[in-house]
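Down below is the structure, laid out as structure tokens.
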Amino acid sequence: EGVDIEVKKNGVTIVKVTSEKKGKYSFQIPVSTTDLKNDYVAYFSKEGVAPQIVNINAFLPKEEFTKYSSAKYDCGLDVIVVETTVKDIVPDKPYAKIKWDKVKEHKFIIDPVYEKVAKGEEQKILANPDQYYTSLVKKKKKQEDVLAQNKPAADAKQKADEEARL
């Protein structure tokens, strides 16, 4: 209960909801029959728990839309909420990926290939959440430090390229 869910497309917030009693939540996003990259990212967050992200591809082939047209399509997903004392966590991988399955299910499903990868990661997290998330924070900090160190050289190269172009 009380988990904030923010759904974004291209960095722009489309919808915000908060989970209700027993963690129930729902939101609606538009499907597309023309945009193969109709991608959304759902961010799950709450004070004292690790944030999670879920990638959603809401592309639906036109023939599938015609054949399985409905006012709305449902896809259920239980998101594991892990308590932690670690702050400033930025997830490096999505918790799940949702997509249309036109071969077997003819509905939106959790990507089964990615689900296997995520289950392995979940086991690592649950074994020692604070240790896992501390390593994520350190990894992110290290990446930021490398970018900061390389920024002057990248800026100089960009300036030189621009001068050469002029």
Side-chain angles (χ1 to χ4, degrees), residues 1-84 86-126 129 132-133 135-137 139-141 143-144 146-147 154 158:
E1 183 175 350
V3 174
D4 294 321
I5 300 116
E6 184 173 8
V7 182
K8 294 183 177 189
K9 181 173 181 147
N10 299 325
V12 177
T13 299
I14 304 301
V15 65
K16 284 183 178 182
V17 297
T18 301
S19 65
E20 300 168 354
K21 290 183 180 182
K22 298 185 183 180
K24 298 287 184 187
Y25 67 94
S26 70
F27 55 83
Q28 294 181 2
I29 55 176
V31 297
S32 174
T33 59
T34 57
D35 182 6
L36 288 169
K37 296 184 184 246
N38 190 31
D39 295 326
Y40 296 84
V41 180
Y43 298 86
F44 295 77
S45 62
K46 181 178 179 178
E47 186 70 32
V49 302
Q52 297 283 7
I53 57 175
V54 173
N55 291 351
I56 305 165
N57 179 278
F59 169 74
L60 180 64
K62 198 171 281 190
E63 64 277 5
E64 295 280 305
F65 182 75
T66 303
K67 190 173 181 181
Y68 298 98
S69 63
S70 173
K72 70 179 183 180
Y73 301 89
D74 295 324
C75 182
L77 176 64
D78 292 330
V79 178
I80 302 297
V81 178
V82 180
E83 291 185 11
T84 183
V86 179
K87 304 285 185 208
D88 303 323
I89 302 168
V90 178
D92 63 342
K93 297 178 192 109
Y95 178 77
K97 293 181 179 182
I98 296 173
K99 65 178 187 172
W100 181 260
D101 177 24
K102 67 179 182 176
V103 178
K104 292 188 334 186
E105 305 275 342
H106 300 287
K107 64 180 185 178
F108 284 96
I109 62 164
I110 299 161
D111 184 323
V113 174
Y114 190 81
E115 186 176 24
K116 288 179 184 176
V117 173
K119 287 291 181 193
E121 204 67 19
E122 187 178 295
Q123 294 305 314
K124 291 180 200 174
I125 293 168
L126 295 176
Y132 180 89
Y133 291 120
S135 71
L136 262 190
V137 170
K139 180 179 172 183
K140 179 73 173 166
K141 173 83 170 102
Q143 289 171 340
E144 289 171 351
V146 168
L147 284 174
Q158 182 180 8

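In this chain, residues are counted from 1 in sequence order.
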- prompt: Stepwise, does the side-chain contact (heavy atoms from CB on, under 4.5 Å) test hold for Glu64 with His106?
  reply: CA-CA 8 Å; Glu64 295 280 305; His106 300 287; 3.0 Å; yes
query: Hey, mind stepping through Lys140 and Leu136 against side-chain contact (heavy atoms from CB on, under 4.5 Å) and telling me if it holds?
result: CA-CA 6 Å; Lys140 179 73 173 166; Leu136 262 190; over 6 Å; no
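Annotation: side chain of Tyr114 is in contact with side chain of Pro94 (closest heavy-atom distance under 4.5 Å). In this structure, Asp92 and Lys139 have side chains that are in contact, with non-hydrogen atoms separated by less than 4.5 Å. Between Ile80 and Asp78 the shortest side-chain heavy-atom distance does not fall below 4.5 Å. Side-chain contact check for Val3 versus Val81: some heavy-atom pair is nearer than 4.5 Å. Contact check for Val137 versus Val86: side-chain heavy atoms found under the 4.5 Å cut-off. The shortest distance between side-chain heavy atoms of Tyr40 and Pro30 falls below 4.5 Å. Inter-residue side-chain proximity for Lys102 and Trp100 is flagged as met; some heavy-atom pair is nearer than 4.5 Å. Under the 4.5 Å side-chain criterion, counting only non-hydrogen atoms from C-beta, Phe59 is not in contact with Val31.
Atom NZ of Lys16 is separated from atom NZ of Lys8 by 8.0 Å, given to the nearest 0.5 angstrom. With rounding to the nearest 0.5 Å, the separation of CD in Glu115 from NZ in Lys97 is 13.0 Å. Taking CD of Glu20 as the reference point, atom OH of Tyr25 lies at 12.0 Å (rounded to 0.5 Å). With rounding to the nearest 0.5 Å, the separation of CG in Asn38 from CD1 in Ile29 is 7.0 Å. Here Ile5 contributes atom CD1 and Gln52 contributes atom CD; the two are 12.0 Å apart, rounded to the nearest 0.5 Å. Between Thr33 atom OG1 and Leu60 atom CG the span is 7.5 Å, to the nearest 0.5 Å.
Checking Ser45 against Asp4 by side-chain atom types alone, no donor-acceptor pair falls below 3.5 Å. Under the 3.5 Å distance criterion, with hydrogens and angles disregarded, no donor-acceptor pair is assigned to the side chains of Lys99 and Asn55. Donor-acceptor pairing under 3.5 Å is lacking for the side chains of Tyr95 and Glu121.
Listed by first and then second residue, the salt bridge (Lys or Arg N to Asp or Glu O under 4.0 Å) pairs that reach into residues 45-62 are Glu47-Lys87, sequence neighbours excluded.
No donor-acceptor pair closer than 3.5 Å links the side chain of Thr84 to the backbone N or O of Val49. The closest donor-acceptor contact from the side chain of Tyr133 to the backbone of Ile125 lies at 3.5 Å or more, if one exists at all.
In Lys107, the NZ atom is not crowded: 12 or fewer heavy atoms of neighbouring residues, nucleotides or ligands sit closer than 6.0 Å. The local environment of CD in Glu144 is crowded, with over 12 non-hydrogen atoms from other residues, nucleotides or ligands closer than 6.0 Å. More than 12 heavy atoms of other residues, nucleotides or ligands shown are found within 6.0 angstrom of NZ on Lys9. Counting non-hydrogen atoms of neighbouring residues, nucleotides and ligands closer than 6.0 angstrom, the CD atom of Glu83 reaches no more than 12 such neighbours.
The side-chain contact (heavy atoms from CB on, under 4.5 Å) with Ile109 is formed by just one residue from the set Leu77, Ile98, Asp101; it is Asp101. Paired with Tyr43 under the rule side-chain contact (heavy atoms from CB on, under 4.5 Å), one option of Thr13, Ile53, Val7 passes, and it is Ile53.
The shortest non-hydrogen separation linking Asn57 to Phe108 is O-CE2, 3.5 Å. Closest non-hydrogen pair, Ala42 versus Phe27, comes out as CB-CZ, 4.3 Å.
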